[in-house]
Amino acid sequence: MEDKMQAAKKGVLNVFYGIIGQLITIALGIVIPRLVLISYGSEVNGLLNSVTQIFAYFSLLEAGVGVASLQALYVPVATDDRKAVNGIIAATHHFYRKAGTLYGIAVIGLAFIYPLYVHSNISYWMLVGIILFGGFSNCINFFYQGKYKILMQAEGYSYICTNITTVVNIITNVVKVILLLRGYNVLVVQFAFFLIGILQMLIYAAYIRKHYAWVDLNEEPDDVAISQKGATLVHQVSGLIFNNTDVLALTVLTRDLKIVSIYTMYNMVITMATAMIQQIEAGFSFKLGQIYNTDKKQYLVLHHIFEIVYLILIFSVMTCIYIFLLPFIRLYTAGVSDINYINKWYPIFFILTPLLTYGRTAASNVISYAGHFKETQNRAILEAAINIVVSVIGIWKWGIFGALLGTIAASLYRTNDMILYAYKYLLEQKSWKTYKRWIACFVVFGIIVAAINIDNPHYDSYVQIVIWGAVWAVGCMAVYTLVQYIINPKEFKELFLIIKTFWKNRTRK
């Protein structure tokens with residue numbers, strides 16, 4: 001079993017490179033949609049985002065086995081049992097091959113059916129090509145690198161995957177910018193995306209050949225180890241419905257790609273911010289999963305520390321996003337006149353969902369570490385049902401607001417359910433510990449919302465937004481940390497002790 005210093009080093013590298021990668025992705029991700037809006041209009045922007053969300057549903061073909069394999073790998077990776085690891089990876093490999101074939105068929109079907117459904121001025125065959133090139137690049141993940149990425153994540157080498165993704169994102173976006181500025185049509189841009197997907201596979205091939213030559217895909221597949229893939233699939237379906245129903249429902253029920261464009265512009269900012277925060281969780285999740293399965297007493301201490309830190313981060317960041325979302329969108333969509341993107345009520349509705357869903361990460365993780373997928377699958381199904389029903393009814397009545405209400409309603413139910421389940425069956429403690437942390441954060445958030453008029457400040461440049469955003473971020477972090485310190489003194493004392501021990505061991509080396 002690897003020592004704590006080595007695990008901590010991996011965690012720090014995962015977080016560091018994860019944040020760097022997200023900063024680069026955010027910077028490039030801000031440029032591309034703006035160029036798409038200006039070059040092609042809201043209709044094409046809505047089309048690309050709509051199709052991307054549909055591809056996310058297609059990824060369900062791998063979702064169940066991915067989570068089941070990761071959970072199954074924690075113990076053999078922690079004990080360096082390579083034979084067991086090979087059995088799990090071999091079983092995962094066989095499943096991925098079948099899933100990749102089905103994914104390819106689904107992409108072809110979508111390419112020829114989708115253009116018949118939406119109302120668009122884009123030609124039929126142009127739409128077919130855009131979907132085919134966008135979908136086939138994802139097939140590569142099924143047939144090659146998917147299984148290796150799961151193993152690397154279980155071993156704590158997520159930062160390697162992150163670095164490869166960052167390099168590929170830079171190449172992809174630079175090529176997109178060049179093609180857009182030179183006036184090439186969107187089909188050429190999608191074809192370039194497909195070619196870069198092949199490049200990514202070659203990069204993984206070179207790394208795997210050097211560092212994972214010991215992996216034997218011909219080992220007897222350990223299908224029993226990933227037998228919960230059906231139950232984990234239910235959870236992944238629920239998660240994808242939760243994250244992607246709004247765009248799909250708006251596409252199907254309104255058939256207006258401009259409405260979809262409005263939603264995706266606001267959601268783009270939220271997604272970028274939460275993706276960066278997720279790097280904290282992803283960086284240390286591999287070790288938390290190993291510790292849960294080998295030392296429950298130590299895990300309990302780390303669980304509460306992680307929950308407090310994560311709540312501080314998510315509420316601080318989302319508070320800043322709430323304040324600066326409208327000014328950013330106003331600047332970002334300047335010059336786009338085919339539909340109005342500004343509504344002062346959008347920020348609060350878009351912010352509530354990530355506050356609820358990412359704040360429950362600690363409870364969600366412990367359920368995953370324990371492998372309680374089958375035990376909680378009916379709860380996940382209910383979450384998806386609430387989301388779909390409320391969203392469909394809401395979209396007919398209130399459009400985008402109705403879609404957001406569906407997601408908020410589902411997250412209210414599932415967040416409370418996860419917290420109560422985790423404490424009753426896994427942590428065996430009182431859930432009040434978590435609820436008092438949530439209440440304190442929402443009180444601070446409510447005071448800020450009541451005090452700030454987000455529709456009033458107008459910023460002339462992104463630089464002003466970044467500078468003032470940084471100032472607010474520091475202030476919010478300080479306030480949320482102070483409040484949590486007051487109600488969680490024991491956990492902060494343990495956190496300071498961990499940091500002190502880590503730093504002392506590091507300086508000795």
Side-chain angles (χ1 to χ4, degrees), residues 32-33 36 40 43-67 92-120 122-150 165 168-169 171-173 175-176 179 184-202 204-205 229 233 236-237 239-241 243-252 255 257 260-261 264 271:
I32 299 300
V36 170
Y40 304 133
E43 185 178 32
V44 170
N45 184 61
L47 163 71
L48 295 176
N49 283 285
S50 174
V51 171
T52 298
Q53 297 303 316
I54 295 173
F55 287 154
Y57 276 96
F58 288 175
S59 69
L60 286 172
L61 293 167
E62 70 150 333
V65 73
V67 176
T92 305
H93 169 65
H94 292 163
F95 185 90
Y96 265 104
R97 286 195 305 183
K98 297 176 183 177
T101 301
L102 292 174
Y103 187 95
I105 294 171
V107 168
I108 294 172
L110 177 69
F112 288 96
I113 295 173
Y114 183 92
L116 298 174
Y117 182 79
V118 297
H119 298 153
S120 175
I122 306 170
S123 71
Y124 177 85
W125 289 108
M126 176 73 78
L127 288 172
V128 170
I130 290 170
I131 296 170
L132 286 177
F133 288 131
F136 283 158
S137 61
N138 295 328
C139 286
I140 298 170
N141 179 65
F142 286 91
F143 286 108
Y144 191 72
Q145 64 253 33
K147 53 189 172 289
Y148 294 108
K149 289 166 70 175
I150 293 170
T165 300
V168 170
N169 278 342
I171 296 172
T172 300
N173 285 286
V175 170
K176 282 183 176 180
L179 293 176
Y184 286 95
N185 65 45
V186 67
L187 182 59
V188 175
V189 175
Q190 286 294 90
F191 179 68
F193 176 66
F194 169 68
L195 293 179
I196 295 169
I198 296 176
L199 173 64
Q200 182 178 30
M201 180 192 72
L202 296 176
Y204 268 105
K229 60 181 180 291
L233 176 61
Q236 296 302 301
V237 170
L240 277 173
I241 288 175
N243 291 314
N244 301 295
T245 288
D246 290 354
V247 170
L248 186 60
L250 286 167
T251 301
V252 172
R255 296 193 179 188
L257 294 176
V260 175
S261 181
T264 56
T271 301

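Sequence positions, counted from 1, serve as the residue numbers for this chain. This structure is a prediction, so every number in the text was calculated from the model and none was measured.
Between the CG atom of L127 and the CG atom of L110 there is a distance of 10.0 Å, given to the nearest 0.5 Å. Residue T92 holds its OG1 atom at 11.5 Å from OH of Y148, rounded to the nearest 0.5 Å. Atom-to-atom distance recorded for I131:CD1 and L187:CG is 11.0 Å, nearest 0.5 angstrom.
Applying the side chain to side chain contact (heavy atoms under 4.5 Å, CB included) test to I171 and every residue at least two apart in sequence or in another chain returns V167, V175, I196, L199. Take F191 and apply the ring-ring contact (aromatic ring centres under 6.0 Å, His included) test, not counting sequence neighbours, and it matches F133.
Of all the heavy atoms in A111 and V128, the pair that sits closest is O-CG2, 3.2 Å. L179 and A192 make their closest contact through CD1-CB, 3.8 Å (heavy atoms, listed as atom of the first residue, atom of the second, distance). Heavy atoms only, all atoms of each residue included: L132 and I108 are closest at CD2-CA, 4.1 Å.
Aromatic ring orientation, F112 versus W125: perpendicular (interplanar angle above 60°, classes split at 30° and 60°).
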